[in-house]
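Got a structure for you, written out below as structure tokens; questions coming shortly.
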Amino acid sequence: MIIAQRKPLEEIKEMVASYEKVLVLGCGTCVAVCFAGGEKEAKLLASELRMARQMEGKSTQIIDHTIQRQCEWEFIDPIKELVASVDAVVSTACGIGVQGMAERFEDKPIFPGVNTTFLGMPVQPGEFVERCQACGDCILDLTGGVCPVARCAKSLMNGPCGGSQNGKCEVNPETPCAWQLIYDRLAKLGQLERMMEIMPAKNWSTSRDGGLRKIIREDLKL
Amino acid sequence: MSETPFEPEITAFVCQYCGDMAADSAGWNRISYPANVKIVRLPCTGKVDVHHILNAFEHGADGVYVVACPEGNCHHINGNLSAKRRVTYAKSLLDEVGVGGNRLEMFHVTAAQGDEFARIAAEMTERIRALGPSPVRRAMGKSSG
Ligand code: SF4
Ligand code: SF4
């Protein structure tokens, strides 16, 4: 899922300082599951903003609402009237949701309430870790199901580097070395010979380097 | 400055198995505690949500505290530990807002400890009295008392 983190209150307060009526709009999918911008978090942020503004003697017309997803028109469109009734929106969805809202409501200021941080998973309650960088050409079949793009600090295709020590990464001794993980997993799979194969340079044109990415599926078009 | 001394409004979220029964114990034993404390009974302090805590402050509470069973003794195994973590998180939000995390506290009692329940109520009332009205309540323009 997409993992995000709430922005500091001070930053959000600043963004909406000149607007009277503000809607805090939560998103009920990825950011709800990582507890950054779901229904509860939108309520908390709205409550924090109301208190902070009350203490500054400002308008406290801050309401909250949550839709299932802010990255699909069918969920955005039904709240047209609600959005029309406020001066600005703080979206606690990921950057995709914020842009979806901004595209749909061109004349309404839409502000990001969270920092979209990475694609990952909760490895245990309260701990979220990056797993994929959406490189557009998945090689997990070659690396024992461990991603060297996202999990190796240097995104090495032929690791480990000389800094791998006791299974840890030299960039951060708390992070497991991705190539150690790959080695261990390949060993379990009985595929250690893969470590001897030289992986050719990866074609990054499918990743960010090729500019904006787009997928067209004629079969899904209306 | 107002002539009448400031009487804090305090909300206590209590578990029905310990905090609430301790409040009863205080009653049976004729132990009085400050009337400033308004009790919200919960099936377990594991039910305390950060939002409930902020809500109390938003609506004018000067202080809030949570009374749970002693650690290792929760009727629902670890609801009190969840509450403890949430109280810590709520304190950080209250600091962020400028209300002050020290207006919120977590306590543990057993059902029989009526005296301890009363002592906690007195301690929190004193703490909040010393801190003065919450900045939110002050901004609401509510009179103190
Ligand atoms: S807007 Fe972002 S957080 Fe919400 S569902 Fe879509 S991708 Fe997930
Ligand atoms: S190889 Fe690419 S697509 Fe596959 S997990 Fe890694 S970053 Fe994601």
Side-chain angles (χ1 to χ4, degrees), chain A residues 4-17 20-28 31-66 90 92 113-115 122 124-128, chain B residues 8-9 11 13 40 42 46-64 66 76-104 128 131-144:
Chain A
Q5 236 179 342
R6 233 289 302 281
K7 276 184 179 288
L9 183 68
E10 220 30 62
E11 198 180 331
I12 301 172
K13 246 169 66 183
E14 197 61 33
M15 290 175 197
V16 297
E20 282 251 333
K21 193 160 182 197
V22 178
L23 165 68
V24 177
L25 186 66
C27 180
V31 291
V33 183
C34 68
F35 301 90
E39 186 177 3
K40 253 189 198 180
E41 293 74 31
K43 281 196 186 305
L44 277 182
L45 174 57
S47 175
E48 277 193 89
L49 277 173
R50 275 192 298 268
M51 285 195 273
R53 285 176 47 146
Q54 181 147 33
M55 284 155 56
E56 291 168 3
K58 287 190 185 149
S59 155
T60 57
Q61 293 186 67
I62 314 242
I63 54 171
D64 71 272
H65 184 74
T66 296
V90 174
T92 59
V114 303
N115 290 322
Q124 57 175 318
E127 188 176 335
F128 305 91
Chain B
E9 283 191 21
T11 305
F13 292 103
V40 180
L42 300 171
K47 188 77 192 78
V48 176
D49 200 282
V50 179
H51 182 56
H52 299 145
I53 295 172
L54 289 206
N55 212 27
F57 281 106
E58 202 187 324
H59 289 90
D62 299 301
V64 173
V66 177
H76 295 282
I77 302 168
N78 53 13
N80 54 355
L81 299 181
S82 300
K84 192 177 172 188
R85 285 190 289 266
R86 288 185 204 142
V87 164
T88 305
Y89 180 58
K91 274 173 172 278
S92 72
L93 295 186
L94 290 168
D95 279 333
E96 190 183 32
V97 176
V99 171
N102 52 353
R103 291 180 179 274
L104 170 66
I128 305 301
L131 287 170
S134 116
V136 177
R137 184 171 165 197
R138 236 176 282 157
M140 281 164 107
K142 265 199 178 181
S143 66
S144 57

> For R53(A), is it the side chain, the backbone, both or neither that has a heavy atom under 4.5 Å from a heavy atom of chain B?
Replying inline: neither
> What distance separates L93(B) CG from R6(A) CZ, expressed to the nearest 0.5 Å?
Replying inline: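 The CG atom of L93(B) sits 7.0 Å away from the CZ atom of R6(A).
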> If you take all heavy atoms of M51(A) and V136(B), which pair is closest and at what distance?
Replying inline: SD-CG2, 3.8 Å
> Using a heavy-atom distance cut-off of less than 4.5 Å, which residues of residues 54-63 of chain A contact chain B?
Replying inline: Q54(A), M55(A)
> Which residues in residues 38-50 of chain A have any heavy atom lying under 4.5 Å from a heavy atom of chain B?
Replying inline: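 Hits under 4.5 Å: K40(A), K43(A), L44(A), S47(A), E48(A), R50(A).
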> CD of E96(B): more than 12 outside heavy atoms within 6.0 angstrom?
Replying inline: yes
